[in-house]
Amino acid sequence: MTLFAEVVFPLPVDQSFFYVVPAAWTGAAKAGSRVMAPLGNKVQMGFIVQVSDQGPDRAISLKEIIEVIDEVPQISEDILSFTRQLSAAHFSSWGEFLAASLPPSAVVKTTAKAFLTEKGGDALKEKKLSRDEKKVAEVLGEKPYSLFFLRKKTGVKNISSLAARMEKKGLIRVERETKTAREKKEIPILLPPTQLELDFSVDESVEEAAGVILGAMDKGAFAPFYLSGPGPKRQAVYFLLIRKILACSKKALFLIPELSQAGPLQESLEKGLGGQAVFIHSGLSERARELAWQKIRSQKAGVVAGLRSALFSPVERLGLIIVDDEHDDSYLQLESPLYDARRGAWLRASGQRAALVYGSSTPSVEAFYRAQQDGYLLTLKNGHKPKQAVVIDDKTEKGLISQRLASGLQGSLDEGKPSIVFLNRRGYASFLFCPRCGHIPKCGRCRVSLAYHKKEDRLVCHYCRASQPKIAACPECGSKVLEPGGAGVEAVEEELRRLFPQARIACFDSDRVKGQKDRDKVLQGFQAGKIDILVGTQWLAHQTGLPPVSLIAILNPEALLAFPDFRAAQKTYLALDFMMRLVDAADKRSEIVIQTAFPDHHSIRAAARRDYPAFYREEVRFRRLMNYPPFSCLAEVLLQGRDLRSLAQKARDIAGCAAAFGRGVEILGPAFSPGATVRGGKRVQVILRTQKPELLDQVLRECLGRIKIKKSVWRYP
DNA sequence: AGCACGCCGACT
DNA sequence: GTCGGCGTGCTC
C-alpha cells in the first residue's frame, strides 16, 4: 500500500503539497514530523501535516519525500491544530506558523554557495562576460560566497536567476547545503529607572476578579475573560492566577505587545517566580533563545512570557493565556505570516481548554463591547486617579508653542526637570506653498504634498520616501518665496531654541536618529539628565527605557483623527493615553499639556481627563450610528502588486465574487489603500461588511480561496 | 521564498 | 536582431 504525506513549507505560500512516502520512511512519517522534500528544483524542509493512504483529489504526479528528519514528531497535535486554524483564519502560511513554534536550530535552511569555475575565470580574463556577470566573477575570484552576500557585494538585484544562468553556462558552480540559523548579537532591554509601584495592593476587586477566573480554571474548560482596570491591579490578578497555575503544575503564556513594557514585567516575573519563568523576546542572542526553547520544550518553564510570537511556544498542559494591553495593535504581525495574536490566543486557549484573560485599562471598543455582551467582563476598581491634561485650544493661540505651554516648559527648566514635546509629524513642514498662486509642490508618483526637511534642505515624499532638492521658486508663477505650512518636529525644535536659548534640546525622529547607536545615545543622554527638552514623534513614546518626566506636551493630536479608518478616534485616544503615561506620577508638580485644534472631540476630551468610560460611551454611539464594528463585521482585504492593471482586475474579481452573495454583503471599494505605495508595489483595498460573522467567513473563504495574489486580511471584530 | 518562463526597450 | 530588465505563475 502506498502512503501519502501532505506537507507544508515555511514559505509565504498558503498551500500544501503531496508526496509519496518511500517504504523506508513509513514508520517515521507522522503528522508533525519535519521532512526534507523536493520542491521545484530545490530540496526544502517542510512539515508533514497529514499521512494517509489516499493521495490528493486531483491527478498530479507526485515526488517522493527524501528524508524524514524526526523519529518523534517535533510538532505536537495541539500546535498542529492551533496553527491550522490560525492559518485558515488569516489566509496565511501554515508552514511559517509551524516554523515559529520551533527553536531556530530546528529550522533547516538551504543556502546556496557559489564558486567560480576555471571556465569562469578564463572568461573573465578574456573579457567575454556581460556587466553583471563580470561583477559576479570578480567577487567570486576572491573566494566563494553565498548568494546572500553575493547580492550584497555586487548589488545585482535578481542574483538567483543570474547565478542559475551562469551555472548553466558553466561559469560558476552553485553548491547547496542545509544550514541552521546564524548567530545574532544580543540586544539587551534598556530598563527604565525603577518606578514607584503605586497601588499594588490586593483590594477586594482584585480578589473578586481572581476568584471568578480561578473558579473557571478549576473546571478545566475554555473560558475567556476581560480584565479592565489599572495596570498594577491587573498585575496583581495575573500573579494570583499564575501562582495557582504553578501550584497545579500547569503552564501559562503571558503576552505583552511591546518590548518597551517588558522591563518591569521581566523583573517582577523573575523576582516573583524565580526560575519558573522564561522571557523570550527579539533581542535574545541565538544561544539565549536556544536555552529558552530548551527550557520550554523540556516543560521546565511554568510561565512563558514574551511578545506576540511567544504564542507559538510549545508548552503542554497549558492552563492560562494572558494577553495584556489587549488594545495594542502591536499584536498584529504585518509581515508574513500575518496574524493577530489576540485572535490567535483565543484559538489556542479554546483548543487546549485553557483560561484566556485579556487585560487593559483602555480596551479596544470591539473587545470591550463583546466582553460586556457575553458576560465575561471583570472590572477592577480604579486606584489613584491618574494625572489629567490641560487642553489648550490651538485656534486661540498664535505660534507653535502656546503661552501656557511655554510657561510650563520654563517652570520645568527652572527646576532642572526634563520635558518631552510630542508632535507626530516628521520634518520641518508637511508642505510648502506659494503665497501668490497657492501652488503646493506634490510628489509626482504619489500625488501627496511633499514635506520640507530643513536639515537636509530637501523636499521629501513621506509615502514613497523619494526626495529632491528644495525648489527655489514657485514652478507655477515663479514667485521667489515658498512658505512652510503644517509645522513638523524640526520647526518645533527651532521654535524651542528661540524661546529657550539656554536649554539643552534634542530631537528624536526617524530622520535624525538612525540605528541602535543614535537611539541609545539620545536615550541615555536623556536618562542621565543631559537633555532638558526632548522633541519627538510618536516613535519616541515606543522606546524602551524612557524615564518619567515632569512635563509632557502633545501638539496637534487631531492629526490622527484624519486617517480614513473607522478606528481613528480609538487610535487617537490610545495614542494620547500612551504618551501621557510617561509623566512622572510621583511628582506632584508634573503636568501634561495637550495643544489641539479640536479640544471638543470626544477622544481628545476623554483622553485628557483619563476617562475611558466617557470615551467608550461616545465611541459606541458613533459606531452604532455608522454600523461599524462591533455592530457589524468588517474585513479589510489588502491586495499588493506592482502591475496596476492586474491588481485592479483581481480587486474587481473579489468584489464581484462578494457581490454574488447579494444584499447581505456590503462592499466598499476597491480603492487605493491609505499607505499607497510600498516597496515598489501598489496597494488596493476592498472592504467587506456583513451583519453576521459566519457570513463574512463564508464570503472570505469563497472569494479569497481561489484568487491568487499577495493579500492580507484583517477582520473586525 | 526561489526559480522558470515570457514579454518589452537599449545595445553589441 | 539579442541581452537583460521585470512581471506572472508555479512548486506536490
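Just so it is clear, the values below take in all heavy atoms, side chains as well, and ignore hydrogens, waters and symmetry mates. Order of the sequence lines fixes the chain letters, A, B, ..., with proteins taken first and strands second; residue numbering starts at 1 for each chain.
Checking B:dA1, B:dC3, C:dC12 against every side-chain atom of A:Asn41, the shortest atom distance belongs to B:dC3. For A:Val13, the side-chain atoms get nearest to C:dT11 when compared with the rest of C:dG9, B:dC3, C:dT11. Of the candidates B:dA1, C:dG9, C:dC12, the closest approach to any side-chain atom of A:Leu39 belongs to C:dC12. When the nucleotides C:dC12, B:dC3, B:dA1 are ranked by their closest atom to the side chain of A:Phe18, C:dC12 comes out on top.
Using a 4.0 Å heavy-atom cutoff across all strands shown, A:Ser336 reaches no nucleic acid atom at all. Residue A:Pro56 is out of contact with every strand shown, counting any heavy-atom pair closer than 4.0 Å. Residue contacts for A:Ile60: at a heavy-atom cut-off of 4.0 Å it reaches a base atom on one of the strands shown. As judged by a 4.0 angstrom heavy-atom cut-off over every strand, A:Val7 is placed among residues making no nucleic acid contact. Looking at heavy-atom distances under 4.0 Å, A:Gln15 makes contact with a base.
Under 4.0 Å is where a charged nitrogen must lie from a carboxylate oxygen, and between A:Asp697 and A:Arg715 at least one such pair does.
Atom CD in A:Glu96 sits roughly 13 Å away from atom C1' in B:dG2 (whole-Å rounding). A straight line from NZ of A:Lys650 to P of C:dG7 spans 14 Å, rounded to a whole angstrom. A:Arg58 has its CZ atom 8 Å from the P atom of C:dT11, to the nearest Å. As a whole-Å value, the separation of A:Leu11 CG from B:dC3 P is 12 Å. When rounded to the nearest whole Å, the span between CD of A:Glu6 and C1' of C:dT11 equals 15 Å. Whole-Å rounding puts the A:Leu639 CG to C:dT8 P distance at 13 Å. The distance from atom CG of A:Leu62 to atom P of C:dT11 is 12 Å, rounded to the nearest whole Å. Rounded to whole Å, the distance from CD on A:Gln44 to C1' on B:dA1 is 8 Å.
Close to B:dG2, at under 4.0 Å from its OP1 or OP2, lies no side-chain N or O of A:Lys42.
Aromatic ring orientation, A:Phe312 versus A:Phe82: tilted (interplanar angle from 30° to 60°).
Environment of CG in A:Asp57: sparse, with no more than 12 heavy atoms of neighbouring residues, nucleotides or ligands closer than 6.0 Å. Residue-environment remark: CD (A:Glu77) stays at or below the threshold of 12 foreign heavy atoms within 6.0 Å.
Side-chain atoms of A:Gln685 and A:Pro670, non-hydrogen and from C-beta on, never get closer than 4.5 Å to each other.
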